[in-house]
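Ligands are counted one by one from 1 in listed order, and the atoms in each one are counted from 1 as well.
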Amino acid sequence: LKLSEGISKTKEQITKRIDSLVSSHGEMNDAFWEELEEILIMADVGFEASQMLMENLKTRARKQGTNDPEQFRSLLKAELEEIFKGPRRIQAVNPPEVLMMVGVNGVGKTTTIAKLAHRAQMQGKKVLIAAGDTFRAAAIEQLEVWANRVGAGFFAKAPNTDPAAVAYEAMDKALAEGYDLLLLDTAGRLHTKANLMEELKKIKRVVGKKHEGAPHRSVLVVDATTGQNALSQTKLFHEAVGVDELILTKLDGTAKGGVVVAVALQFNMPITYVGLGEKMEDLRPFEGSDFAKALLS
Ligand code: GDP
């Protein structure tokens, strides 16, 4: 699936309306902006991000000295490209590189870990997956099935073991056996939020003690179909453990892809990949300019 196909429902939701917005207004006046606000909110860009986006678009229009709705698409495209530039951190990492994968149950975290492992292995890397969600026995089993399917190394301990102990020993194994990448799964039970956040902090501490700089990145997985919930999850995890980057799953088949814009605008956080299906190949590096193009072409 290509990105442009994956976001076809979101595109349908947004482009048709923008076409009619552009053709039904003679100038970008208050009525124009009000209608745009409605379109953005319908597409799950959300209230706050919609306000920010409109302010930026107005500024852009003013700077270009244009009030012509015909110019709107190119203004929006330029603005989206700017938003998705985000802070890209490319750092040299002493292997094994460690990613702590966080996110609420059901968002597609397990599948995403498998997809990341598959990608890294295609690049010739040796990958270890560690089962840090010891809260659910089924989570450990499912992750093992995926690890075997993609041919990655797997580390787990008994259900209900302290997840930090799993992380610590997995870190040991990754160091001793020359792995390039360690993907640490973590629990996603939100009903014991405070405990979960403490658990994640502890995992960070123990792997950092074993291996300088680890975890190198905390990666939050969110489900694009949940629209504004994806935003509140981002806020929650970011405030608690500091999220370095986002992966948005299930962008295929949802009309709520506007949440991508909201996340980028409100958190200034890079979206590194998007999930476009259930198979191990269905993960695409996220390029903001491609997204803007796919959305508006
Ligand atoms: P977890 O509870 O967060 O670990 O979620 P899972 O990885 O078990 O995924 C939950 C469901 O979402 C499964 O049925 C996956 O196949 C599905 N899923 C995950 N990512 C995607 C995606 O990008 N697109 C689609 N369509 N389904 C996905």
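For Lys235 and Glu239, the salt-bridge test passes: some basic side-chain N is under 4.0 Å from an acidic carboxylate O. With respect to the salt-bridge test (charged N to carboxylate O, under 4.0 angstrom), the residues Asp252 and Lys9 do not qualify.
For Lys173 and Phe155, the positive end is not near the middle of the six-membered ring at less than 6.0 Å and at most 45° from its axis. A cation-pi arrangement is absent between Lys115 and Tyr273, since the terminal nitrogen or guanidinium carbon is not both under 6.0 Å from the aromatic centre and inside a 45° cone about the axis.
For ligand 1, the atoms sitting less than 4.0 Å from at least one non-hydrogen atom of Gln142 are 8 (O), numbered in the order shown with element in parentheses. Atoms of ligand 1 found under 4.0 Å from any heavy atom of Thr111, numbered from 1 in the order shown, are 6 (P), 7 (O), 9 (O), 15 (C), 19 (C). Close contacts between ligand 1 and Gly275 involve ligand atoms 23 (O) [criterion: under 4.0 Å to a heavy atom]. Close contacts of ligand 1 with Leu276, meaning ligand atoms under 4.0 Å from a residue heavy atom, involve 23 (O). Taking every non-hydrogen atom of Lys109 and a distance limit under 4.0 Å, the qualifying atoms of ligand 1 come out as 1 (P), 3 (O), 4 (O), 5 (O), 7 (O).
Residue contact check for ligand 1: Asp282 places no non-hydrogen atom closer than 4.0 Å to it. For the ligand labelled ligand 1, residue Gly106 lies inside the 4.0 Å heavy-atom shell.
The aromatic rings of Phe286 and Phe291 lie tilted to each other, with the angle between the two planes from 30° to 60°. Using a 30° and 60° split on the angle between ring planes, Phe135 and His191 fall in the tilted class, from 30° to 60°.
Nearest protein heavy-atom contact of atom 22 (C) of ligand 1 is Gly277 O, 3.0 Å. The closest protein non-hydrogen atom to atom 26 (N) of ligand 1 is Asp252 OD2, 2.7 Å. The protein heavy atom nearest to atom 28 (C) of ligand 1 is Lys250 CG, 3.6 Å.
The backbone and the side chain of Thr110 each have at least one atom closer than 4.0 Å to an atom of ligand 1 (non-hydrogen atoms only).
Rounded to the nearest 0.5 angstrom, Asp290 CG and Leu295 CG are separated by 12.0 Å.
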Audit row: Asp133, Arg136, salt bridge (charged side-chain N to carboxylate O under 4.0 Å, His left out) steps and yes/no: CA-CA 6 Å; Asp133 182 1; Arg136 297 181 303 156; 3.1 Å; yes
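Here atom 17 (C) of ligand 1 lies nearest to Glu278 when heavy atoms of Arg284, Lys115, Glu278, Met101 are compared.
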